[in-house]
Amino acid sequence: MTGVAWHAPLHMFTPVDAKPDLISLEHQMLARWRANNTFGRLKAQTAGGEPWSFLDGPITANNPMGVHHAWGRTYKDLFQRFRAALGHELRWQQGFDCQGLWVEVNVEKELGYTSKRQIEERGLAEFIRLCKQRVLTYAARQTEQSIRLGMWMDWNDPAELLQLRDALAVAPEEEIAIHGVAGDVRGTPERLIGQLGSPEIGGSYFTFSDENNDLIWGFLAECNRRGWLYKGSDSMPWCTRCGTGISQHEMTEGYADREDPSVYFGLPLVDRPGEELLVWTTTPWTIPANVAAAVNPALSYELVEFDGRRLWIGATRRVAALGGGAPRAKVLDVKTGSELIGWRYQATFDDAPAVAEALGPRGAAHRVISWSDVGAEEGTSIVHIAPACGSEDHALGVTESLPMIAPIDEAGTYLPGFHELSGQDWLEVSDLVFAALEKSGSMLRKERITHRYPHCWRCATPLAFRLVDEWFISMGATYDKPREELTAEEKSSSLRYQIMDVVDKITWLPSFGRDRELDWLRNMSDWMISKKRYWGLALPIYECASCGAVDVIGSRSELEARAVAGAEAILGRSPHRPYIDEVRIACSSCQSAVRRVPDVGNPWLDAGIVSLSTMRFRSDPEYWKRWFPADLITESFPGQFRNWFYSLLAMSTVMVGSEPTRAVFGYGLVFAEDGRQMHKSWGNSIEFDEAADRMGADVMRWLFAGSRPEENVHFGWSGADEARRRLLVLWNVYAFHVGYANSVGWRPGGPARPVAQRGAMDRWILSRTADLVAKVEEALRAYDAHAAVARLELAIDELSTWYLRRSRDRFEISANADDRSDAFTTLHDVLVTLVQVASPIAPMLTDAIYINLASDSDSSSVHLQPWPSDRVRSWRDRKLESDMNRVVRAAELGRSVRSAAALRTRQPLARARVVFGGETPNRELLAVLADELNVKLIEPVSDASGLFERKVKVLLPKVGKRLGSRLQAVITAARMGEVTFLPTGAVVIEGMEFSPDEIEVQATPREGGFVAEADGLVVELETALTPELIAEGDVRELSRAVQELRKRSGMRLGETILLALPKSARGLAPYSQAIARSVGARDINFDHDDSDESGKVTLSFGDIGFSIHRLS
RNA sequence: GGGGGGGUAGCUCAAUGGUUAGAGCACCGAGCUUAUAUCUCGGCGGUUCCUGGUUCGAGUCCAGGCCCCCCUACCA
């Protein structure tokens, strides 16, 4: 049995198995919490307490949650539980991230769509509904998983979320009711879904909620008011599968090596017949869009004759560009780049209609331009420029007023007007381009190269560059001087620096987080907030087609007020596409009816607004004041410096000019145990559900909480085994306590002496427990779960391997009753306190222990107990701790001596001499040590010179500089003992004098002695044995063997036996009583017949066999 | 490409320029124990990435090279 029946008779603890089934234990605890509304009681109990505000970073509700989410959720839950135990009131609200491309991509996959066009063809309304439904599906799933993890949040009922999901499809117009904070809330599914997380409905917040979207509109309107919102035309990275631009924030995640064709080709010069510019590119699909060729005015260029062609080429690039044929080249002329500028040339695709239209007949506009960034290390030092197909190209195009040729549409298909390329996919046209280059005689040679190339971080499609209009929030200028030297005007016009100032107000953990965030802010370009997609925030931007004026709507009510058409389309609906697109407003400058730009918002807007939207920034000033800013946010830091942390900071800075949180606690990534990323195909990944089922949530939480947040965690089964092993030690102490208490009928609340009158072991473990409480509190206040776990593991270890091991006899039925009740009371107090302070980390296991040990009602829980710091403060006794520390270390030394001397511990010895190196511990502690070392007497010794030689260690950092090259000789002499001691405490070595502060005198055990030394503590064992000692050793040896046999035979503690020993053991007869007591024998006889042998043991006088018989 | 961090035992990581480079895990041996899946003592295990340099002395400082990770980038 796993021992968790919650209605044990009052006179005893519920018996527990030493080998618990942790998984079923957890399920029992979760059921108990549910049945007793334990979490609800905690909320009621902490209501009105000093607020502690946690702001949850939303989890993307798009898939089941993974073990990596469990790391963060462990932190979130344990810090919240800890704060509740301190008496704080909390909001207990977690959030789901709902809008964005990641949801769209999955819905597209489910529908089997292969292109963006299909979404509009098959109907946008249905697509958006499916996105909402998918979010609700996984919100429900992640809710269930989080509850399984033991995470206490104000959860929605998962079944209700699914009910909403289904109603949305089946009966969207029909009103239904769901549970709210104060009774049922009624509405259509669409309306209710839009209000999830609201003050009325409660539960998790959803970033697709009406309020969340509405507040982002307010933010964008504010940006516009300050002149920071603008439409930019640029050549942007573009995913042709998703049909949308990729912002700078998203770029870094998608770089990967890719093999591409690269090509060297010539551009014939118009005014220098027979001569060509040689250029190189790795993106052949951009060649038809070529407009210019750039050279570095400062570099040197050569005209070479090569295989019948005359080619201009960068002087340093000749060999690389011409490849193996380079030696055949003959240099005809040399010019600097500046001399080439303005040369006109022709190109292969000049006669294509689209090109001719942009450049004039025969590529009239082609020319050589100057660009100082052209390098001498790559290509031909003459760069092919296609202003529509690269961001730097575009910038040059603008400066040089070049025409632009945009060759592909949003799906990556070549537009009409490019001959045979038209209608082809951009990734497939290389061969057609090469054929055209061959045909025109332009091609020189081609090769394949591998380079880092950006890919779509969602679908891994290589990114093209397209000329597009996107909306940006200006980050402001970057000044070339330190932030503190900026003027007020400079700062007020630059959002970048305003955010940096806010960053300074936040505590970043680990501390490098601050530097990373500042670094990102310093370097980031303007924030691209538009996406040419469907499921997301509808950008409230209205650009007038007639006059070009831009209106940005700051709220839904403003939109409804300004609508001149289509307002009915959004009645009763969420502010999403396609319905929102129906609304027209009057242009503020020319009164024309204006439609919304079709773009949706960058999803980090959705997550970034939550410090405002969930804290009722606009709707409830009292609430807002109480909860904003948050005390803590915590997320996995890779990526978040430019994503959530960034958007949270930016939006809070714009809207309220202050920090959204007081502390940011970041942690790393979860990797598989082999140190690689988890991949299903590599067989090293672990699903959350599997981990919960096999290792258990508490073990998982313990493992995560004990990890170092600034490193990546290597998560797996052996790490879990380690964590479980540690927790099981705690469990076993608990099982011991329960077992013995039940067997002697001990119950808490009985008589026990005051702590001050109890024995040293009791006072020591209580003092250590007081220290434990203080240290764990200190660590958790500093968000240092790692330190808290380390201290807890030390506590478990000390309790088990020192306190309990040394005190075990005191719990037995035969022990002195007063002392036994002290021992039980002490162990009980320590265990209860220990599980209290461990409960934020392992909430289920600890509650199971607590309930059995200390429960006074059927509904109590460790999680309803106040943090125990006040209760334990008086237990502290530092002097005792330090004395005991030396006793423990002396015991280690003694064991080490025994091991070296091959004296087994069961053999008692007459005496140990100990140099404690300080005040001698009191008699009681000496008795503990004597017992532990199995010696009759501990003799404290102050002068151990008989056992030791004095050795002098020269302190190198102090004397090294002075001695120089004579140092080695001094060290050697000191090691050989060639040292003269002076009365002053100084010494002379090699004729040089060293003052006492330049040396350290060490005591080193003499060779051959049974002595061990460490840090000034010395233990020597007297190894001479008397017949009495030998006999006592035999008694203990025999007892141990009998106990072993009893255990093997499955005998219980109380059962008595008859022990039969052989005649050869008659010498032990005087000790019969002692033996009988220790092994629970009623009688011992010495007529054992070897044929009936069931046990065997080696004693001083030889091997004997023995047998036991059950009597009761 | 730029910036930062790192490379030490089979694995995870320590070591203000100082004497014989340490822990934990893993492995091996011994010991303790009717609470234990535990615990204790000991052992095994090292080209401190490579090559030079500075120094009485280098894992540590300097230079160059190799490799890994992170941040960042428009690279032809």
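A, B, ... follow the sequence lines: proteins, then strands. Residue 1 opens every chain.
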B:U33 base / A:R1040 side chain donor-acceptor hit below 3.5 Å:
yes

Which nucleotide, B:U19, B:C70, B:A76, lies nearest any side-chain atom of A:R516?
B:C70

Check: B:U34 base within 3.5 Å donor-acceptor of A:R1046 side chain:
yes

Between B:C49 and B:G59, how far apart are the P atoms? Round to whole Å, please.
10 Å

Checking base pairs now: Watson-Crick or wobble, both atom distances under 3.5 Å. What partners B:C27?
B:G43

Out of B:A35, B:A76, B:A37, minimum distance to the side chain of A:K19 belongs to B:A37

With a 6.0 Å cut-off (strictly less than), is the heavy-atom count around CZ of A:R805, excluding the residue itself, greater than 12?
yes

Can you list the steps and then say if A:K958 with A:E998 is a salt bridge (Lys or Arg N to Asp or Glu O under 4.0 Å)?
CA-CA 6 Å; A:K958 289 191 174 166; A:E998 289 175 329; over 6 Å; no

Take atom P in B:U48 and the same atom in B:U20, then report the distance between them in whole Å.
14 Å

Give the nucleotide from the list B:A76, B:U33, B:U19 with an atom nearest to the side chain of A:L956.
B:U19

Taking a pair to mean Watson-Crick or G-U wobble geometry with both distances below 3.5 Å, B:C61 pairs with B:G53

Taking a pair as Watson-Crick or G-U wobble with both distances under 3.5 Å, which nucleotide is matched to B:U36?
none

Looking only at B:A35, B:C32, B:A76, the nucleotide nearest the A:T905 side chain is B:C32

On a plain distance test, is the side chain of A:S262 in donor-acceptor contact with the base of B:A76 below 3.5 Å?
no

